[in-house]
Every structure is written in C-alpha cells, then in structure tokens.
Engineer: 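Please read through the structure below; I'll follow up with questions.
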Amino acid sequence: ISSFIFDEAGGQASDQNLEFINVKSRYQKELHQKRRHHDVLKQLRPILKENNDVLLIKRHPWDKSDYYKTAYKGENIVLVDNHDYIVPVMQASDVILHAESTVAVEGWILGKKTISLLPDFNGDRYGLKNHMQHEPIATDLESVLAYEQDYPWNSTQKSLKNYQPF
C-alpha cells in the first residue's frame, strides 16, 4: 500500500510549488481517498488473521503524515519505514496493492501480482496515467480478492509493452 504526499499543511510541497497547487483541495481529495482505502483495508483485517497473512504497509517516501501509524496498529500488519528501499518489501510480497503508483512497474518486473485500489474509479482507463491503462483496478474488497485469486497476467504484459523501446 502506498500512501500520499500531502497533509493539511501541504506536505512536501515547496513554497514555489504551493502557488500552483491548491493544497486544501488536494488534501481533501487525498483524505477522501484514504478513507475509502481504510474501508477496504478494515474489511481485509479478519481475512489476514484467518489466513495468518501479513499486510506490509509502506508510505510514500515524501509522506509526512502519521495516518498509517495510527490507523493500522495491530497484528498481521507491519508498517515499513517509508525511507526503506521498496524492492525487498516487494520481493517478500505475494500481491502489490497500490493507488495508481509507479510501484506497479517494479512489481511487473519482479513478476508480482499488482492491483490498483481505486474505490472511486469511474471506468475511464484513458483518464489514468499511461502505466495504469491495463492494470487490474479494484474498487472494493471483493474485487481485490477476485484479482488475487484469478490474476489477469496478460494485463501485466500489455502494461510492460508501454515501456519497451519503439
């Protein structure tokens, strides 16, 4: 799971960037997305416990918030330092769950299942970043679990083709 860059004060935004970024609007959007992710992850907790699985959560390196520390304390959840290198975390994972992150590209290279958790996804794949246009997108826990069980590997190959030399 990757987290977000902005907190109420603007997170990592520099003074120069603040003139181009509506921090309040961006913060509200990201807070909404965190809440929607929280709904799904909360439903995942009993499944983790039942299967003796572990959820590794690594925040974005620029994330200054303590959201995940406070929201996800407990068994079967490990909070990885957000400055640790991500590849060892990914190698230890069966599935990479993210929110429209380029970590998906690294996951494809490592041969991992990658699923983008976008609860408010409207179905418009062309409105997504280039690397996300073929990515499995889950909007709720049921679709996360369905992709985990029956992963569309051809989507990974299509996505990787976007990065091959012409």
Engineer: So does T114 get a backbone contact from the side chain of H98, meaning a donor-acceptor N/O pair under 3.5 Å?
Structural biologist: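 The answer is no, because no donor-acceptor pair under 3.5 Å joins these two groups.
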Engineer: How many angstroms lie between NZ in K49 and CG in N51, if you round to the nearest 0.5 Å?
Structural biologist: 13.0 Å
Engineer: Report the distance from atom CD of E106 to atom CD1 of I96, rounding to the nearest 0.5 Å.
Structural biologist: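 Going from CD on E106 over to CD1 on I96, the span is 9.5 Å.
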Engineer: Side-chain contact, heavy-atom cut-off 4.5 Å: Q43 with D140?
Structural biologist: no
Engineer: Around Q91, counting heavy atoms of other residues, nucleotides and ligands shown, do more than 12 lie under 6.0 Å from its CD?
Structural biologist: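 Above 12, so yes.
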Engineer: Applying the side chain to side chain contact (heavy atoms under 4.5 Å, CB included) criterion to I47, which one of L141, N76, L55 satisfies it?
Structural biologist: L141
Engineer: Can you confirm whether L97 sits close enough to L41 that some side-chain heavy atom of one is under 4.5 Å from a side-chain heavy atom of the other?
Structural biologist: yes
Engineer: Taking side chain as C-beta onward, heavy atoms only, is L117 less than 4.5 Å from V40?
Structural biologist: yes
Engineer: Measuring only between side-chain heavy atoms, which start at C-beta, is P119 closer than 4.5 Å to D39?
Structural biologist: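 No, every pair of side-chain atoms sits at 4.5 Å or beyond.
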Engineer: At what distance, to the nearest 0.5 angstrom, does OH of Y72 lie from NE2 of H38?
Structural biologist: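 So the gap between those two atoms works out to 5.0 Å.
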Engineer: Could you measure the distance from the CE atom of M132 to the OG atom of S155? Nearest 0.5 Å is fine.
Structural biologist: 10.0 Å
Engineer: Any chance CG of D94 has more than 12 other-residue heavy atoms, nucleotides or ligands included, within less than 6.0 Å?
Structural biologist: no
Engineer: Quick one: does K58's side chain have a donor or acceptor within less than 3.5 Å of a partner on N82's backbone?
Structural biologist: yes
Engineer: Counting N and O atoms only, with roles assigned by atom type, does the side chain of K113 sit under 3.5 Å from a partner on the main chain of Y147, one being a donor and the other an acceptor?
Structural biologist: no
Engineer: Let me confirm one number: the CD-CZ distance from E135 to R125, rounded to the nearest 0.5 Å.
Structural biologist: 8.0 Å
